[in-house]
Amino acid sequence: MSVFIDGETRVAVQGITGRDGSFHARQMIEYGTNVVAGVTPGKGGQRFDDAVPVFDTVEQAVEETGAEASVIFVPARFAADAVFEAADSGVGLVVCITEGLPVRDMMRVMPYLEERGVRLIGPNCPGLIVPGQAKIGILPGQIVREGAVGIVSRSGTLTYEVIHQLTTRGVGQSTCVGIGGDPIIGTDFVDCLRAFEEDGDTEAVVLIGEIGGTDEQVAARWATENLSKPLVGFIAGQTAPPGRRMGHAGAIISGSEGTAAEKMRTFEDLGIAVARRPSEIGEIVAGWMEEA
Amino acid sequence: MSVFIDGETRVAVQGITGRDGSFHARQMIEYGTNVVAGVTPGKGGQRFDDAVPVFDTVEQAVEETGAEASVIFVPARFAADAVFEAADSGVGLVVCITEGLPVRDMMRVMPYLEERGVRLIGPNCPGLIVPGQAKIGILPGQIVREGAVGIVSRSGTLTYEVIHQLTTRGVGQSTCVGIGGDPIIGTDFVDCLRAFEEDGDTEAVVLIGEIGGTDEQVAARWATENLSKPLVGFIAGQTAPPGRRMGHAGAIISGSEGTAAEKMRTFEDLGIAVARRPSEIGEIVAGWMEEA
Amino acid sequence: MNIHEYQAKEIFRSHGMPVPPGEIATSPEAAAALAEEYGGRVVVKAQVHAGGRGKAGGVKLAAGPEEAAEAARAILGMQIKGLTVHKVLVTPAAEIASEAYVGIVMDRASQRPVFMVSAEGGIDIEEVARENPEAIHRQPIDPRYGLLNHQASRLAFHLYDDIGVVRQASDVLQRLWHAYEDSGATLAEVNPLVVTPDGDVVAIDAKMNIDDNELFRQPDIAAMRDEEAEASSERRAREAGLSYIKLDGNVGCCVNGAGLAMATMDLVKYYGGEPANFLDIGGSSNPDKVVAALSIIGEDPHVRSILFNIFGGITRCDDVANGIVEATDRLELDLPITIRLTGTNEEEGVAILEEHGFQAMIDMDEAVQRAVGAVS
Amino acid sequence: MNIHEYQAKEIFRSHGMPVPPGEIATSPEAAAALAEEYGGRVVVKAQVHAGGRGKAGGVKLAAGPEEAAEAARAILGMQIKGLTVHKVLVTPAAEIASEAYVGIVMDRASQRPVFMVSAEGGIDIEEVARENPEAIHRQPIDPRYGLLNHQASRLAFHLYDDIGVVRQASDVLQRLWHAYEDSGATLAEVNPLVVTPDGDVVAIDAKMNIDDNELFRQPDIAAMRDEEAEASSERRAREAGLSYIKLDGNVGCCVNGAGLAMATMDLVKYYGGEPANFLDIGGSSNPDKVVAALSIIGEDPHVRSILFNIFGGITRCDDVANGIVEATDRLELDLPITIRLTGTNEEEGVAILEEHGFQAMIDMDEAVQRAVGAVS
């Protein structure tokens with residue numbers, strides 16, 4: 001078992017002939033992901049790396065290869081349409097790596113996906129990885145290790161750092177999901193916590209949040225009532241000034257809302273562990289895993 | 001029991017101070033309908049006929065009076081917004097009498113209603129009446145009679161004609177619903193047949209269709225499989241030429257689709273009674289009621 | 001409301017669609033002058049609210065001004081499905097490498113617009129739909145989203161392989177969508193959509209129907225109504241706020257309500273007569289409307305008998321009776337009039353009519369039979 | 001992206017909102033000339049990307065040209081929340097009968113825009129939200145439908161009783177919605193929306209934030225960026241494709257990834273230091289970016305120690321190492337540099353650095369501690 005995907009999941013890559021798409025398609029295949037199709041309009045009929053069939057539309061890719069998930073590597077101005085296309089094609093999971101999608105586009109995309117029951121991860125995210133089985137997106141395969149810790153995070157390299165801390169300590173991961181740093185995203189913390197709760201392979205969960213919005217607080221409250229597995233949180237941006245966008249479009253403190261201090265306080269008030277330093281996450285989780 | 005409404009249903013009248021709205025509000029009240037509120041922006045705080053409180057918004061009307069249904073008598077160019085407003089206010093049933101709504105407006109209205117689980121009857125319809133209890137809309141109360149025949153129809157005066165035929169023969173009605181003559185309407189034949197099937201007071205059903213579209217055929221097929229009560233159909237427009245709009249926006253034969261002959265043939269092929277003349281409906285139904 | 005090809009092309013042009021030039025001529029000379037101006041081969045096309053123009057000889061290719069004049073001479077004044085051609089469109093003939101069909105219709109069943117495209121263009125699409133339905137690709141449009149780019153692209157890929165042509169066609173489809181949506185159309189089609197030997201995508205035909213209920217917010221399109229193309233009786237009825245359609249029979253029908261009007265026509269036929277028209281006077285009891293209705297019916301030379309069928313609901317029978325009295329006073333009609341009147345204020349209405357020497361009937365079947373019998 | 005009040009008013013005007021006239025002055029003389037032109041009382045308002053202008057003395061009423069010049073003199077050059085005022089808006093003073101607040105924000109939780117209106121206008125809306133939340137009426141907007149008319153009307157009825165004012169205000173709200181939507185804004189507000197003694201509704205203030213990700217399709221708005229209002233280092237970083245925010249500390253941070261950059265700043269603070277900046281070099285290994293980053297950090301006079309924290313995932317450590325070598329070759333920096341490098345091609349990266357006399361560290365905590373300790 002694992003969360004959202006596994007080694008069998010049939011994946012189509014939208015933008016497979018682009019610079020990023022081709023690079024990461026190769027990385028995914030190399031990692032063992034079941035990449036069954038690529039999509040680039042006008043390149044239908046070709047084969048990517050002499051192996052993966054390329055189609056003009058996602059619909060054709062799904063019809064011909066039975067793709068169940070798609071991952072998007074197209075430029076920001078085309079990315080929303082790529083999500084619409086994936087949603088119309090019949091895949092159940094769309095992972096949008098592209099960053100820079102206008103919020104206005106995402107507000108239209110979200111109800112479209114909901115009506116069709118399609119899960120979106122991202123945009124502006126590194127995707128997800130099930131160590132030893134498959135990865136969809138750009139998470140580096142060499143830093144993970146098979147194990148029982150579920151990780152969900154709003155950031156990219158900070159997640160790698162945390163995974164690395166765990167792996168270095170011999171603590172493996174069940175699934176790692178980067179949900180993205182934008183203000184409007186598909187799958188959120190709660191969706192992932194729920195999936196980890198249901199996943200038989202996950203024994204503990206790490207949640208990596210940051211400033212901006214109130215998703216971490218919502219997740220902490222949800223976890224208090226619904227998560228039976230140990231959870232540790234980390235919030236980046238304790239030193240971030242208000243009103244400035246810290247790289248991620250979603251990482252901005254608005255008024256008094258969305259500070260790291262407030263988020264950490266919520267975790268503490270609810271009795272959930274909060275790490276002060278990234279390395280402390282490793283210490284805490286390693287402690288749990290030894291006990292178990 | 002009855003269909004969609006009964007004597008208790010709390011009704012708000014949108015456009016109550018207009019020419020048509022005020023006339024029919026009085027008619028409804030006189031018939032016994034529980035008209036609890038009127039709505040006319042800018043006339044909030046007044047009382048209609050010194051009795052019914054008038055509000056600026058449907059939302060206020062619902063909050064203050066607990067209205068469960070609304071009926072719309074506003075000009076065509078404002079009617080779609082009146083439906084949106086009703087849908088947002090919390091009523092469960094909206095009856096739109098207004099004719100002349102652009103199809104484009106209706107195409108946006110329909111999914112809005114569906115998302116909120118609000119039933120629309122109309123537009124461009126006479127509304128509905130439960131003899132002896134209540135009416136919402138403009139059906140003349142003096143021609144109906146309490147009884148066990150459910151009537152659903154796309155037209156207005158033709159329905160009166162049929163009701164009259166039945167009443168004259170001593171055959172009363174359970175509920176009569178005019179679903180409207182537009183190409184895009186809310187509640188359709190199948191919705192009404194389903195309601196009549198479930199209604200303990202209804203023993204037989206009359207369906208009055210006309211040229212245009214395929215709703216009658218769909219309804220006939222549905223009835224064959226789901227309706228346990230006797231059904232007779234009548235289709236107006238056997239002499240209508242193709243390609244011309246016969247008054248109702250929806251009454252137009254497109255190509256070979258939507259002719260009266262085709263509709264009647266479907267009924268016959270499925271073994272459902274079809275009347276050739278309006279008066280034949282009365283004969284057929286009166287025959288059934290005597291048997292029972 | 002129907003608009004002509006040349007009007008639809010104006011709308012298409014204003015939305016940036018690739019449409020060849022073209023102008024209207026109402027005389028052979030004008031057609032020749034346009035052919036001269038364009039140079040080369042031109043097509044002369046009847047502008048008439050009827051399908052099947054081509055089969056009826058309403059579209060002709062002309063090698064130059066002389067042939068254009070000849071074509072216009074043949075087409076102008078021609079009858080197509082009962083309608084007289086008053087105008088022709090003269091347009092340069094396109095070089096054609098391939099022809100496709102693209103159209104948008106308002107689909108009643110799904111309550112949304114549906115795009116249809118077929119690589120089999122230039123021919124009767126209803127025939128394709130009947131005989132080779134798989135050749136038509138359909139794309140329902142969520143009206144809240146409009147035509148999404150990937151949908152346009154997918155439709156274009158169904159028609160073409162070359163990515164350059166696909167991109168052009170996607171763009172044309174987007175523009176067609178906006179033309180449809182912004183105009184409040186219930187139908188917009190291009191048949192054929194042509195690819196030229198140079199690889200350009202061009203809309204060489206255009207058809208649009210506009211939702212009548214939209215016209216209040218589309219004054220420019222409302223102004224496109226071709227009154228010449230309407231029967232004059234229908235124009236007068238429209239102006240009087242009546243819903244009237246002329247037919248070929250001899251029993252004139254005047255009814256309140258569209259459904260009852262159709263049922264009345266059907267009953268005329270059932271009892272062996274032929275209805276002369278569809279006419280709905282609506283819910284109003286305004287005597288002016290009754291006057292207008294009676295005058296329009298009375299002027300139809302085929303009418304031998306006039307039938308009123310009024311079911312008083314909102315409409316009061318006494319009001320209609322007064323209208324009939326007033327109308328027959330004002331107009332001098334030498335035709336038998338049968339009146340069926342029932343419902344609200346029936347007794348008062350009957351009394352008024354009898355006072356003025358009319359006999360009013362209560363039963364619809366009997367009234368129709370009498371009106372049919374009155375045709376001598 | 002923040003835009004100034006006068007720019008937001010330009011956008012509002014182009015959407016037909018009732019906005020009083022007003023022009024920008026950058027000198028007391030220009031302010032006086034504008035006051036002369038408008039006649040009567042004017043308001044002189046600091047144009048600066050900071051809230052709380054009024055409290056800070058950045059908004060002054062002037063009875064005529066002389067007072068306007070005086071006000072401009074006082075405001076121009078003033079610091080508000082660390083930002084220097086370079087421009088003032090001079091605008092006729094409005095007669096005010098009542099003040100309301102109307103605004104639209106992008107609500108993350110519901111993933112839609114939300115209208116907020118309050119009859120308590122002209123004051124800090126966040127204060128109202130805290131102390132009297134019931135005074136604010138909220139209306140979530142379905143982005144597929146936009147602001148529906150009845151929603152605009154309902155919001156206006158929450159503010160006003162008079163139907164004439166309600167109609168005007170509904171219209172203003174509709175226009176505000178279109179300004180918000182068409183501009184790709186994440187915030188648009190009018191505080192206060194004024195009703196004059198004559199019953200006219202006027203937007204006398206304006207605030208808009210634009211989604212940075214929209215700017216590619218909003219060239220007119222992108223051109224409104226006030227480069228003078230940015231720290232020059234931030235402008236250079238933006239032009240180099242770096243995400244950089246200047247802070248007040250002395251440990252310069254150069255990190256790949258926004259989350260890791262924040263965590264690095266936090267860790268600097270945790271170990272007793274003060275971060276000098278947020279800087280994300282992104283996923284690219286382009287040495288030019290490393291050069292630009294190092295040069296921007298190096299020019300901050302407060303920086304006493306520079307910390308690289310690179311986690312190689314897609315970014316390859318050897319590429320970053322080469323960038324650091326090249327950058328330090330090109331720039332002459334006399335500051336201690338601490339480098340933490342781990343992940344993809346870590347060994348190659350470390351080897352390159354050691355070859356050039358740098359010491360590379362593997363552990364983040366140790367690296368941060370050393371960088372903090374290096375501040376002398």
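Reminder, nothing fancy here: chain letters follow the sequence lines and each chain counts from 1.
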Of Leu101(A), Ile143(A), Ile235(A), the largest count of non-hydrogen pairs under 4.5 angstrom with chain D goes to Leu101(A)
Side chain, backbone, both or neither: which part of Met106(D) has a non-hydrogen atom closer than 4.5 Å to chain A?
-> side chain
All inter-chain donor-acceptor pairs under 3.5 Å (chain A, chain D):
unit_1, atom_1, unit_2, atom_2, d
Leu101(A), O, Asn213(D), ND2, 3.0
Val103(A), N, Asp211(D), OD2, 2.7
Arg104(A), NE, Glu214(D), OE2, 2.8
Arg104(A), NH1, Glu181(D), O, 2.7
Arg104(A), NH2, Glu214(D), OE1, 2.9
Arg104(A), NH2, Glu214(D), OE2, 3.3
Asp105(A), OD1, Arg217(D), NH1, 3.2
Asp105(A), OD1, Arg217(D), NH2, 3.1
Asp105(A), OD2, Arg217(D), NH2, 2.8
Glu115(A), OE2, Arg144(D), NH1, 3.2
Gln142(A), NE2, Thr344(D), OG1, 2.7
Thr157(A), OG1, Asn256(D), O, 2.7
Glu161(A), OE1, Arg340(D), NH1, 2.5
Glu161(A), OE1, Arg340(D), NH2, 3.2
Glu161(A), OE2, Arg340(D), NH2, 2.9
Ile185(A), O, Gln111(D), NE2, 2.9
Gly237(A), N, Asp266(D), OD2, 2.7
Gln238(A), N, Asp266(D), OD1, 2.9
Gln238(A), N, Asp266(D), OD2, 2.9
Thr239(A), N, Asp266(D), OD1, 2.8
Thr239(A), OG1, Asp266(D), OD1, 2.7
Arg244(A), NH1, Glu234(D), OE2, 3.4
Arg244(A), NH2, Glu234(D), OE1, 2.6
Arg244(A), NH2, Glu234(D), OE2, 3.4
Arg245(A), NH1, Asp212(D), OD2, 3.0
Gly250(A), O, Arg108(D), NH1, 2.7
Gly250(A), O, Arg108(D), NH2, 3.1
Arg277(A), NE, Tyr270(D), OH, 3.4
Arg277(A), NH1, Asp365(D), OD2, 3.2
Ser279(A), OG, Asp365(D), OD1, 2.8
Ser279(A), OG, Asp365(D), OD2, 3.4

Leu247(D) versus chain A, the contacting section by heavy-atom distance below 4.5 Å = side chain
Apply side-chain contact (heavy atoms from CB on, under 4.5 Å) to Ala82(A) and list each qualifying residue two or more places apart in sequence or on a separate chain.
-> Gln14(A), Ile72(A), Val74(A)
Kindly give the heavy-atom pair with the smallest separation between Pro113(D) and Met107(A), and that separation in Å.
-> CD-SD, 3.5 Å
Taking the side chain as every heavy atom from C-beta outward, state whether Pro241(A) and Phe278(D) have any pair of such atoms under 4.5 Å apart.
-> no
Below 4.5 Å from any heavy atom of chain D, which atoms of Pro278(A) appear? Answer side chain, backbone, both or neither.
-> side chain
Counting only heavy atoms closer than 4.5 Å, note whether Ile185(A) contacts chain D via side chain, backbone, both or neither.
-> backbone
Where on Pro102(A) is there a heavy atom nearer than 4.5 Å to chain D: the side chain, the backbone, both, or neither?
-> both
